[in-house]
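All residue numbers refer to positions in the sequence shown, counting from 1. Atoms within a ligand are numbered from 1 in the order they appear, just like the ligands themselves. Scope of the values below: all heavy atoms of this structure, side chains included, with no hydrogens, waters or symmetry mates.
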Amino acid sequence: MCGIVGYVGSKLADSVLLFGLYRLEYRGYDSAGVAVIDEGEIEVRKDQGKIRNLEKLLKEHPVEGNLGIGHTRWATHGEPNSVNAHPQFDTTKSIAVVHNGIIENFDTIRRDLQKKNVIFVSETDTEVIPQLLNFFGKEIKNDYELLKKTIESLHGRFAFLVIMENKPDKIFFSRNGSPLVYGRSEGEGFLVSDSSAFIASVKEQYFIKDGEWGWISKAGIEIFDQEGNKIVPILTSVDHDLTQYEKNGFDHFMLKEIFEQPSVVQKIIDNRITAEGKIHFPELALSNDFQAKLFRVVFTSAGTSLHAAMIGKLYIERFAKIMTEVEFSSEFRYRNPILEGDTLVVAISQSGETADTLASIHSAKAKFLKVLSFVNHLNSSIGRESTGIVNLFAGTEIGVASTKAYVAELVNLLLYSLYLGKLKWIVSDEEIGLILEEIKKLPSQIESILSKAEDIRKIAVEMREKRDFIFLGRSFEHPTALEGALKLKEISYAHASGYAGGEFKHGPIALVSKEVPVICICPKNEVYIKMVSNLEEVRARNGIIFSIYTEGDTHVPSLSNYSFSIPECSEYIVPILSVIPLQLLAYYVAIAKGCEPDQPRNLAKAVTVE
Ligand code: M6R
């Protein structure tokens with residue numbers, strides 16, 4: 001979703017802002033802009049489309065100045081054109097604002113101001129912020145009072161930055177629900193949506209908390225809590241792992257991240273399995289007593305992370321025998337669910353910023369429940385607001401389509417369910433030992449699948465004209481079918497639906513034809529025979545089948561038009577392997593259709609608004 005960058009220092013602001021905006025590009029956006037204070041006046045450059053359009057504009061019409069704000073906008077209110085792009089202004093064009101989130105009472109504020117002859121030019125909710133600042137600023141001359149009064153007038157979830165011509169040394173900020181990080185280096189200050197947008201000289205950072213607001217200057221930061229009390233931020237060091245932001249020879253981040261999966265799993269093994277063969281979660285922060293007494297687990301998440309939760313449910317029920325439910329966080333937050341003691345709410349989120357998942361955590365905590373989050377960024381909003389935490393160890397994921405984070409979610413969930421099972425005396429050390437041995441084989445097994453990526457590419461090329469796909473799987477492979485379908489539709493724009501194999505006869509079978517390939521995940525497991533029946537049903541109707549099967553099986557390939565094998569393993573391990581050919585299929589279909597897989601249309605990496 002929207003990305004924010006602010007800079008004050010001695011460098012040319014436009015180049016620092018552009019650098020930061022390119023780094024935030026992965027979040028998804030449809031227009032970009034900057035505002036810089038140039039010789040006392042605010043200069044704005046903004047355009048719809050890619051950041052390179054903005055860069056071109058800046059080359060044609062340069063701005064000079066050492067203080068500015070920049071933005072990538074993912075449209076919510078008003079179409080993605082240059083008028084609605086940020087920065088937005090007040091009528092005098094002396095106050096500029098960039099904003100992430102939604103001002104829920106914007107319509108009321110707008111109507112009130114219009115009655116007082118304030119003229120609005122955009123369709124955005126954001127424009128009320130500079131207009132309010134200008135309106136209140138006629139009476140209030142003190143920075144603290146002006147900002148406080150303006151923030152108190154706004155309802156919703158947001159993070160915003162403001163620059164003003166009559167206060168040319170400061171960038172004002174406020175955070176209430178959308179991420180914002182302050183960075184500092186000698187004589188310089190930065191405010192960004194996430195630390196990836198910092199230039200290399202930034203060594204210290206502070207994650208601004210909800211309700212906090214204030215301003216930065218070359219000299220540092222002045223920051224206040226919701227009540228207006230001054231606070232002293234504790235800065236932490238910045239980790240600049242630049243390799244995460246390079247494609248390292250791959251054509252796209254998505255492909256690079258698919259190929260990083262063996263090393264991601266190895267990192268999880270190194271961090272979670274001790275030399276003595278014990279599973280440990282040092283960062284968990286939940287007592288063993290509490291976990292041993294758990295009666296119920298409720299997962300809350302969205303998209304790919306929801307599919308991981310569905311597999312997590314099967315793991316926890318199997319190994320820890322705890323009743324487990326999976327909830328869309330967008331539903332859970334409004335449902336007033338029945339939650340009582342001895343229940344653990346588990347939030348799964350790659351970004352750690354998904355608005356619905358964050359709101360679910362708030363509803364659980366309001367009922368005094370403990371929340372455990374599986375996140376890729378420990379300092380994310382979801383990570384910080386949870387009672388306990390599990391680090392996914394996936395490394396920064398740039399591609400909008402989640403791949404390595406999903407596999408990291410599955411491996412961590414499998415390990416956590418074994419850990420819980422041991423605490424509850426359900427699973428024996430011997431069984432744990434056998435599964436750990438299988439987990440240790442995963443990096444090389446994933447490598448062997450990736451070494452056959454070309455086979456998937458050829459199948460993808462043959463399928464590129466198809467507009468509809470069905471994915472079928474049962475048991476542990478039902479969520480894999482959902483995930484395979486989601487991957488394909490989000491980056492190739494083909495319509496794809498995933499179903500439990502047993503549901504096929506209840507409707508989807510009506511779609512079978514040569515034009516609707518059926519992707520069947522049928523490893524050798526307890527429901528193998530049932531999946532074979534699904535294959536027969538498709539064959540009987542002259543449908544096209546692409547199957548994922550277990551190495552050594554000859555029957556499934558003989559029933560299929562296309563097939564791809566994965567190594568033999570237990571059914572708990574299969575979903576970690578079977579999703580990989582489906583990730584590759586989605587990627588190669590997208591490429592064959594000429595789509596851009598890293599930044600699919602309309603999608604954002606972190607869905608920070610509802
Ligand atoms: O960051 P989260 O894991 O909370 O994100 C949840 C979904 O928005 C995300 O998985 C989305 O479905 C991806 N585009 C899937 O590839």
- Message: Counting only heavy atoms and a distance below 4.0 Å, can you name the residues contacting ligand 1?
- Response: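 Contacting ligand 1 under 4.0 Å are Ala302, Gly303, Thr304, Ser305, Ser349, Gln350, Ser351, Thr354, Val400, Ala401, Ser402, Leu486, Lys487, Glu490, Val607.
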- Task: Output every pair passing ring-ring contact (aromatic ring centres under 6.0 Å, His included) with a member in residues 587-610, not counting sequence neighbours, ordered by first then second residue.
- Result: His252-Tyr587
Identify every side-chain donor-acceptor pair in residues 464-473 under 3.5 Å, counting partners at least two apart or on other chains, and give the distances.
unit_1 : atom_1 : unit_2 : atom_2 : d
Arg464 : NH1    : Val461 : O      : 2.7
Lys466 : NZ     : Lys514 : O      : 3.3
Asp468 : OD1    : His495 : ND1    : 3.1

- Item | side chain to side chain donor-acceptor pair (under 3.5 Å) partners of Asn602, counting only residues at least two apart |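 For Asn602 there are no side chain to side chain donor-acceptor pair (under 3.5 Å) partners, ignoring immediate neighbours.
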- Query: Can you tell me if Gln350 and Ser402 form a side-chain donor-acceptor pair at under 3.5 Å?
  - Reply: no
- Message: Test your reading of the model: is there a side-chain donor-acceptor pair from Lys367 to the backbone of Pro337, 3.5 Å cut-off?
- Response: yes
- Query: So, Arg318 and Glu571, do they make that salt bridge, N to O below 4.0 Å?
  - Reply: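 Result for this pair is yes, salt bridge flagged.
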